[in-house]
Amino acid sequence: MGEKKEANTKKQAIMGLIGVVLFMLSDLFQLFTGSLESHRTGSMALVDTAWADMASWRFPLSIALAIVATPLVLLGFAAVKRQIALTRPKRAGVIYGLGFLITIGNLLSQGIFAMQPVLYQAFAVDGQASLAVKSADLIGYTYYPIYIVLYGASFLLLPIIYGFGILRKRTIYPRYFCLFTSMLLLPLGTLLGNIAPGAFEWLGIAAPNLGFLCMFLFALVYANKEKAQQPAAQLQFQETAPEESAAQAEQKETVKA
């Protein structure tokens, strides 16, 4: 039975890794400008003038990749939940709940934000540049508050709950794994993408998913060590259980007497 669970964890972790890569590709198709002249405009600087020169097929492909990625990423979070639950079942449930919210929110974000360049291109082709900016701005205004909440859940709340458990040795993972969370990897990738956009623009775009990539990779690596790597607190509980049972038996004998 244990080997079957480990095999399931491996499969779920691999599916999760594939899903994260697909989300990264979805972001790249939607945001990567490369050699195109790029300039941010609009009242919230959410409109990129490079949209006018991007191939129109990129945006529906971005949405399609996100749709395929969503169930795969949820499987990855299921693998993480299974391993966290070995020692902290409640924390595991919270992590999976946040993962579910973030993944569905990511899918929604991909669809909504893909509409910005689509509308921008449609109006820009007709020579209505100002209307193109206003329509893209309107989408940003409407959805941005929700996006901020999802952003906070993805890169602050989830990494804190996940990383804090690792740091306090409440999981099967080694303590240094807490360095590979979105809270640390996102700023690093974004910084490199801004400092050297020619070489690292792709990294800046992929940065939001790097933390999830590491989570699922750790789940895959530790799928065979779920029993052997239980923390000392769990082992101590297992060792003291027989003593507690003996004490209860002695108490029952006293009551009978």
Side-chain angles (χ1 to χ4, degrees), residues 5-28 65-66 68-107 109-110 149-190 202-231:
K5 287 184 178 180
E6 291 169 7
N8 287 337
T9 301
K10 278 186 178 181
K11 291 177 183 178
Q12 290 175 334
I14 291 172
M15 292 297 102
L17 287 169
I18 294 172
V20 171
V21 172
L22 290 178
F23 263 130
M24 287 180 172
L25 290 174
S26 176
D27 288 337
L28 286 170
L65 288 172
V68 175
T70 297
L72 300 180
V73 171
L74 291 177
L75 286 174
F77 276 112
V80 174
K81 176 187 176 183
R82 177 173 293 171
Q83 292 183 342
I84 300 294
L86 291 172
T87 54
R88 289 294 183 272
K90 290 183 179 179
R91 186 187 296 265
V94 171
I95 288 174
Y96 183 79
L98 285 172
F100 184 88
L101 173 67
I102 291 165
T103 305
I104 299 302
N106 199 2
L107 173 62
S109 299
Q110 293 297 95
V149 173
L150 292 172
Y151 204 84
S154 298
F155 310 120
L156 286 176
L157 190 56
L158 178 60
I160 287 174
I161 295 173
Y162 175 75
F164 191 63
I166 295 175
L167 186 63
R168 295 189 62 196
K169 299 287 288 182
R170 297 292 191 266
T171 69
I172 64 174
Y173 308 128
R175 188 169 286 172
Y176 69 88
F177 274 17
C178 69
L179 297 174
F180 299 93
T181 64
S182 299
M183 193 163 54
L184 298 177
L185 294 176
L186 173 64
L188 178 61
T190 303
W202 63 272
L203 183 59
I205 295 172
N209 289 296
L210 291 178
F212 303 132
L213 190 72
C214 289
M215 286 179 72
F216 301 155
L217 182 61
F218 298 158
L220 176 61
V221 171
Y222 273 73
N224 292 330
K225 305 177 182 179
E226 291 179 2
K227 292 182 179 179
Q229 296 294 328
Q230 290 183 18

remark   = Residues passing the ring pair (Phe, Tyr, Trp, His ring centres under 6.0 Å) test with Phe23, sequence neighbours excluded, are none

ask   = If you take all heavy atoms of Gly163 and Thr181, which pair is closest and at what distance?
value = CA-CG2, 4.3 Å

ask   = Which atoms form the tightest heavy-atom contact between Ala219 and Gln83, and what is the distance?
value = O-NE2, 2.9 Å

Distance-only criterion, 3.5 Å: show the donor-acceptor pairs between side-chain atoms of residues 96-105 and protein atoms not counting sequence neighbours.
unit_1, atom_1, unit_2, atom_2, d
Thr103, OG1, Gly99, O, 2.7

ask   = Between CG of Leu74 and NZ of Lys81, what distance do you get to the nearest 0.5 Å?
value = 11.5 Å

inquiry  = Would you compute the distance between atom CG of Leu217 and atom CD1 of Ile14 and round it to the nearest 0.5 angstrom?
reply    = 10.5 Å

query = Does any non-hydrogen side-chain atom of Ile95 lie less than 4.5 Å from one of Arg91?
reply = yes

note = Across all chains, not counting sequence neighbours, the side-chain contact (heavy atoms from CB on, under 4.5 Å) partners of Pro174 are Tyr176, Phe177, Tyr222

ask   = What's the verdict on side-chain contact (heavy atoms from CB on, under 4.5 Å) for Arg82 and Asn8, showing C-alpha distance, side-chain angles and the deciding distance?
value = CA-CA 10 Å; Arg82 177 173 293 171; Asn8 287 337; 3.2 Å; yes

key: Heavy-atom closest contact (Leu185 atom, Ala207 atom, distance)   = O-CB, 4.4 Å

note = With sequence neighbours left out, the residues meeting ring pair (Phe, Tyr, Trp, His ring centres under 6.0 Å) with Phe77 are Phe212, Phe216

ask   = Going through the distances and angles, do Phe218 and Ile172 end up as a side-chain contact (heavy atoms from CB on, under 4.5 Å)?
value = CA-CA 10 Å; Phe218 298 158; Ile172 64 174; over 6 Å; no

key: Sequence-distant partners of Ser109, side chain to side chain donor-acceptor pair (under 3.5 Å), two or more places apart   = Tyr143

request  = Check whether any side-chain heavy atom of Leu150 lies under 4.5 Å from a side-chain heavy atom of Asn106, and answer yes or no.
outcome  = no

ask   = How many angstroms lie between atom CD1 of Ile166 and atom CG of Leu179, to the nearest 0.5 angstrom?
value = 9.5 Å

request  = List in chain and number order the residues that pass side-chain contact (heavy atoms from CB on, under 4.5 Å) with Leu28, two or more places apart in sequence or in another chain; answer none if no residue qualifies.
outcome  = Leu25, Phe32, Trp202, Ile205

task = Mind jotting down which residue pairs meet the side-chain hydrogen bond (donor to acceptor under 3.5 Å, both in side chains) criterion with at least one end in residues 203-215? Sequence neighbours excluded, please.
result = Asp27-Asn209

ask   = Within the side chain of Thr171, is there an N or O that forms a donor-acceptor pair under 3.5 Å with the backbone of Ile84?
value = no

message = Test of understanding: with side-chain contact (heavy atoms from CB on, under 4.5 Å), list the residues that count as partners of Leu167, not counting sequence neighbours.
response = Arg175, Cys178

side-chain contact (heavy atoms from CB on, under 4.5 Å) against Ala206, all qualifying residues, sequence neighbours excluded = Met24

remark   = Smallest heavy-atom separation, Leu75 atom then Gln12 atom, equals O-CB, 3.2 Å

remark   = Note: Ser26 and Ala66 closest approach over all heavy atoms is OG-CB, 3.9 Å

remark   = Closest heavy-atom pair, Ala79 versus Thr9, reported as atoms and distance to 0.1 Å, is CB-O, 3.7 Å

